[in-house]
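Comments concern the structure below.
Atoms within a ligand are numbered from 1 in the order they appear, just like the ligands themselves. Because only heavy atoms are used, hydrogens play no part in the values below, and waters and symmetry mates are left out as well, while side chains stay in.
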Amino acid sequence: MTIRRIGVVAFVVVLALVPLAAPAFWVTLANYIGLYTMVALGLVLLTGVAGQTSFGQAAFVGVGAYTTAFLTTHFGVSPWLTLPAAIVLTFAVALALGFITLRMQGHYLPLATIAWGISLFFLFGNLESLGGHTGVTGIPALTLASIEFKEERHFCVLIWIVTLASLWTTHNLLDSRPGRALRAMKGGVDMAEAFGVNAARLKIVAFVYAALLACVSGWLYAHLQRFVNPSPFGINQGIEYLFMAVVGGAGSVWGAVVGATLITVLKQMLQDVLPTLLGRSGNFEIVVFGVLMIVLLQFARNGVVDWALRLLPRRRPRLDDDAAPLAPGEKPHDVAGPLLDVRNARKAFGGLVAVDDLTFRVMPGEIVGLIGPNGAGKSTTFALISGELPLTSGDIAFGGQSIAGKTPFAIARLGIGRTFQHVRLLPAMSVQDNVALGAYRRGRAGVVRAALRLDSAEERRTQAVAMREIVRVGLAEHAHDEAGSLPLGKQRIVEIARALASDPSLLLLDEPAAGLRYMEKQALAELLRALKRDGVTILLVEHDMDFVMGLTDRLVVMDFGQKLAEGEPAAIQRDRRVLEAYLGVDEAAPAPAIAI
Ligand code: ADP
Ligand code: MG
């Protein structure tokens, strides 16, 4: 058994002892910790993993609590029927809110979550039928067969069964195809979309998932307390939930448990100790929390769990060498013509024409270099091909099919893999997991399948694909290292492996040799030649003329957004216009061979 397994088993054993043997006070505390853990767990996924900050989770707890309070007391509906009702209502509310707010960037999203958190809070307090600020009393106890969950000890079992189940599903989710995609969003939405992830949709899925966990927590809370009023669903509590997720740490589901436990126990202790210590009553614990938060953000920004897990040995993913291969990526239908056909592509930024009626083709199996001085429009051309920027006019076809106007993730799904000019890996994730993200478009597993671990066959194949590509690019001994720990040259190679894992028909490389040392450049060129022998088609942007000379079949030279020349490297090297653009050579001077 691994240390992690032992830890989990020990946790469950201690937990089982609480309702059996702990004093009543601890049972109460354990109940609240369980309820808070569920909410914090949603935030681990939403904020910690996907990077979307929400201050409004307490409002969803309120939706769960008030739905059952209202239906059971007004209409005598059985609590077991109010649970699906609360889930459906939360689903609808979260979907609507998510649809509106998740499109916001930067600080607008947290502000929006504060806004609807406050709105729902006041709605609970001002609706006559919900009892206004006094709330709803007389909520029935839960009964299951002949067991009535009236006693806290009984309720503790129920709460923790649900909490452990949500820990399990969330853990599964984090370690899966949609989980990798969620993590990737932290590296930027455009990075995730470059591998076929529909980021807008996935954000909403994470948001709804987090809201549903909060709703179930609220439903349980209402039946534990047997009355509800608006105060636990306000923005203060929303901040506290976020606090739990941040303190515990966002990378692992245990962050939610640890965060909820620390905050709950600490708050209880401080509430007891501080007033006696200071000789007066007041909410001093809030001041202490504030100070602790600042200390934590200084020294353990990723939370205490992340900090503790670093002390444990790294988890080595099991690898099945005989895992059946993952389905190949979708291929273009028409392979007879050019693979990539850029026709009069134009991109204007206001008055500046960055790409000016550019036309060129890439045939299957070729390595084509797109070169030109700084500011010539190379990266912009790449962004037009990958769909990051819309064309001002002209057309781009891939495998005979126009891709103009398509989203980046749709283009990625067609089979265009890419690397970034500035390396965009997830530094805290292993090389293997980073590469596995590349295989996203070849997988099928969605959130539900992943959460219930019904995706293990596909997951094994995905990891096998990742490993195969890592071996192919020669990084086998680094497969389990954190991507961020590798030197820049190797990180670039990891990016290539990640792109290859998508089984691309066309590989776009933006300045792959930038920042590499001589030997690393040699190794990279050798790798690209090997890929060409395997039939991979490559379009690369490059600055370094030496690098492209011996490597490419054809060069397209750009200057001021226009195509200056096109041809075999040897001919380009002697082309006077190219020399002038690159070196500012005047007509009279003898033509030197380009070596930049
Ligand atoms: P290269 O990659 O060849 O160095 P770029 O494609 O990055 O060149 O840039 C081409 C020109 O377009 C430059 O003049 C640059 O300043 C301009 N440019 C690039 N992106 C933008 C943008 N988002 N908005 C305005 N101007 C841009
Ligand atoms: Mg560039």
Side-chain angles (χ1 to χ4, degrees), residues 105-106 187-191 193-194 340 342-360 362 367-396 403-408 411 416-425 488-489 491-492 495-496 499 506-516 521 524 528 538-549 551-552 554-567 569 572-573 575 577-584 594 596:
Q105 304 279 331
V189 165
D190 52 334
M191 191 273 263
E193 297 211 322
L340 184 75
V342 179
R343 291 184 293 244
N344 298 313
R346 185 181 186 85
K347 181 68 196 176
F349 296 110
L352 179 103
V353 182
V355 176
D356 192 358
D357 291 331
L358 181 69
T359 298
F360 70 94
V362 179
I367 300 188
V368 174
L370 190 60
I371 63 169
N374 250 330
K378 307 180 297 290
S379 289
T380 306
T381 304
F382 258 38
L384 294 175
I385 298 170
S386 64
E388 258 178 272
L389 292 173
L391 284 159
T392 303
S393 64
D395 192 19
I396 297 175
I403 54 172
K406 283 196 193 300
T407 57
I411 292 173
I416 298 185
R418 66 168 296 184
T419 63
F420 294 87
Q421 184 171 350
H422 305 287
V423 171
R424 301 276 291 276
L425 294 171
L488 177 70
Q491 292 195 24
R492 284 196 184 280
E495 278 214 337
I496 293 176
L506 175 66
L507 193 55
L508 299 179
L509 307 176
D510 198 348
E511 303 215 12
L516 299 198
K521 281 186 188 178
L524 175 64
L528 297 184
I538 302 174
L539 174 63
L540 61 97
V541 159
E542 198 41 82
H543 211 74
D544 181 337
M545 280 280 216
D546 274 345
F547 182 75
V548 291
M549 278 306 153
L551 178 67
T552 53
R554 224 148 35 80
L555 289 175
V556 175
V557 189
M558 287 182 79
D559 195 19
F560 296 111
Q562 293 177 331
K563 184 163 82 178
L564 192 64
E566 179 174 357
I572 291 293
Q573 208 166 13
D575 191 304
R577 288 168 304 168
V578 176
L579 294 175
E580 280 168 36
Y582 250 86
L583 302 171
I594 299 174
I596 294 171

### Summary
Rounded to the nearest 0.5 angstrom, the CG-OG1 distance for Leu539 and Thr552 is 10.5 Å

### Query
In terms of side-chain geometry, is the basic nitrogen of Glu495 or Arg424 positioned less than 4.0 Å from the acidic oxygen of its partner?
no

### Query
Any Lys/Arg nitrogen of Asp546 or Lys521 sitting under 4.0 Å from an Asp/Glu carboxylate oxygen of the other?
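Between Lys521 and Asp546 there is no salt bridge, as every charged N stays at least 4.0 Å from the carboxylate O atoms.
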
### Task
May I have all residue pairs that pass salt bridge (charged side-chain N to carboxylate O under 4.0 Å, His left out) and include part of residues 370-390, sequence neighbours excluded?
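Found Glu388-Arg418.
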
### Query
By side-chain contact (heavy atoms from CB on, under 4.5 Å), which residues pair with Gln562, not counting sequence neighbours?
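side-chain contact (heavy atoms from CB on, under 4.5 Å) check on Gln562 returns Asp356.
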
### Under the side-chain contact (heavy atoms from CB on, under 4.5 Å) test, residues paired with Phe560 that sit two or more places apart
none

### Atom-level proximity to ligand 1, residues with heavy atom under 4.0 Å
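Around ligand 1, where the cutoff is 4.0 Å for heavy atoms, the contacting residues are Phe349, Leu352, Ala354, Pro373, Asn374, Gly375, Ala376, Gly377, Lys378, Ser379, Thr380.
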
### Query
Hey, is there an N, O or S on Ser379 sitting under 2.8 Å from the Mg ion (ligand 2)?
yes

